[in-house]
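Just below is one structure, and these are the notes that go with it.
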Amino acid sequence: MNKVFIIDGDKFSNFKGFCKEFSDIVLSGKYKWHGNLDAFNDILLGGFGDIENEEQFTIIWRNSAKSKVDLGYSETIVKLNENLNNCHQSNEEKVIQVIKDAKMNKGPTIFDLIEEIILDNENVTLILE
């Protein structure tokens with residue numbers, strides 16, 4: 001039987017809170033994920049916390065409808081502005097355009113990106129509740 005991790009959307013209201021919840025639950029507090037989405041993908045492949053490399057596991061995301069709102073466009077814009085402050089000069093124009101799109105409710109939200117990354121990992125089953 002594969003491992004099951006329960007993320008509860010009632011325990012956070014922003015992306016930093018999601019990062020903490022994920023670190024506490026999925027990484028068993030052994031590692032701290034700081035929100036880099038490339039690193040998130042790597043973590044899901046295993047070798048961190050209590051997940052072995054390529055181990056099959058399930059994430060149940062309770063109160064995911066609340067998280068979809070909390071990690072919607074407003075929070076996406078906050079994260080994109082952080083990215084803009086830390087990105088290489090050559091990427092600034094692209095990030096600025098993505099921010100403009102998010103301000104018009106276009107493009108993926110942080111929630112969408114997290115969901116997509118999880119669904120792209122064959123060893124992870126995601127259940128949204």
Side-chain angles (χ1 to χ4, degrees):
M1 187 168 160
N2 65 358
K3 293 176 182 160
V4 176
F5 300 96
I6 300 172
I7 301 288
D8 189 348
D10 275 347
K11 293 186 178 180
F12 58 90
S13 60
N14 57 30
F15 184 60
K16 288 182 182 179
F18 173 79
C19 295
K20 182 181 181 328
E21 174 78 353
F22 182 86
S23 295
D24 290 348
I25 302 301
V26 179
L27 299 178
S28 307
K30 295 175 181 175
Y31 293 91
K32 185 174 180 182
W33 173 55
H34 297 282
N36 178 293
L37 294 178
D38 290 330
F40 182 68
N41 186 60
D42 292 343
I43 290 167
L44 294 176
L45 294 173
F48 300 91
D50 291 331
I51 304 166
E52 300 299 324
N53 284 325
E54 299 182 21
E55 179 179 16
Q56 300 287 315
F57 64 98
T58 299
I59 296 174
I60 299 173
W61 193 333
R62 292 200 173 132
N63 300 299
S64 61
K66 176 187 176 296
S67 295
K68 190 171 181 85
V69 173
D70 291 343
L71 304 177
Y73 285 109
S74 294
E75 190 64 17
T76 301
I77 292 165
V78 169
K79 179 67 174 152
L80 288 168
N81 279 315
E82 288 175 11
N83 290 353
L84 180 61
N85 291 332
N86 297 313
C87 77
H88 189 271
Q89 237 178 321
S90 62
N91 290 328
E92 284 180 0
E93 223 175 282
K94 180 181 177 183
V95 175
I96 289 169
Q97 184 57 53
V98 176
I99 291 169
K100 286 179 183 177
D101 289 347
K103 286 180 177 178
M104 296 185 331
N105 295 340
K106 291 182 181 177
T109 64
I110 292 289
F111 182 90
D112 297 332
L113 294 171
I114 292 168
E115 181 181 31
E116 180 182 334
I117 292 167
I118 295 171
L119 293 174
D120 282 348
N121 277 275
E122 294 177 5
N123 59 310
V124 184
T125 300
L126 176 65
I127 299 171
L128 299 175
E129 294 183 342

> CD of E92: more than 12 outside heavy atoms within 6.0 angstrom?
Replying inline: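 Result for CD/E92: enclosed.
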> How about K16: does its NZ atom have over 12 heavy atoms from other parts shown lying under 6.0 Å from it?
Replying inline: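 Check fails, neighbour count at 12 or below.
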> Would W61 and F18 count as a close aromatic pair, with their ring centres under 6.0 Å?
Replying inline: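 Yes: the rings meet the under 6.0 Å criterion.
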> Does the separation of the ring centres of F22 and F5 fall below 6.0 angstrom?
Replying inline: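 Centroid distance F22-F5: not below 6.0 Å, so no.
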Output the distance between atom [atom1] ([X]) and atom [atom2] ([Y]), rounded to the nearest 0.5 Å.
{"X": "S64", "Y": "I7", "atom1": "OG", "atom2": "CD1", "answer": "12.0 Å"}
{"X": "N2", "Y": "T125", "atom1": "CG", "atom2": "OG1", "answer": "6.0 Å"}
{"X": "E116", "Y": "L37", "atom1": "CD", "atom2": "CG", "answer": "10.0 Å"}

> Within a strict 4.5 Å, meaning less than it, do heavy atoms of the E115 and L126 side chains meet?
Replying inline: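 E115 reaches L126 side chain to side chain.
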Given 3.5 Å as the limit, does a donor-acceptor pair link the side chain of [X] with the main chain of [Y], or not?
{"X": "D101", "Y": "V98", "result": "no"}
{"X": "D50", "Y": "L27", "result": "no"}
{"X": "K66", "Y": "G9", "result": "yes"}
{"X": "S23", "Y": "G29", "result": "no"}
{"X": "T109", "Y": "D112", "result": "yes"}

Please tabulate, for the side chains in residues 73-84, all donor-acceptor contacts under 3.5 angstrom to protein atoms that are two or more places apart in sequence or on a different chain.
residue, atom, partner, partner atom, Å
Y73, OH, N105, O, 3.2
Y73, OH, G107, O, 2.5
E75, OE2, F15, N, 3.0
T76, OG1, G72, O, 2.7
T76, OG1, I110, N, 2.8
N81, ND2, I77, O, 3.1

>> Give me the atom names and distance for the closest heavy-atom approach of D8 to E21.
In response: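 Taking every non-hydrogen atom into account, N-OE2, 3.1 Å.
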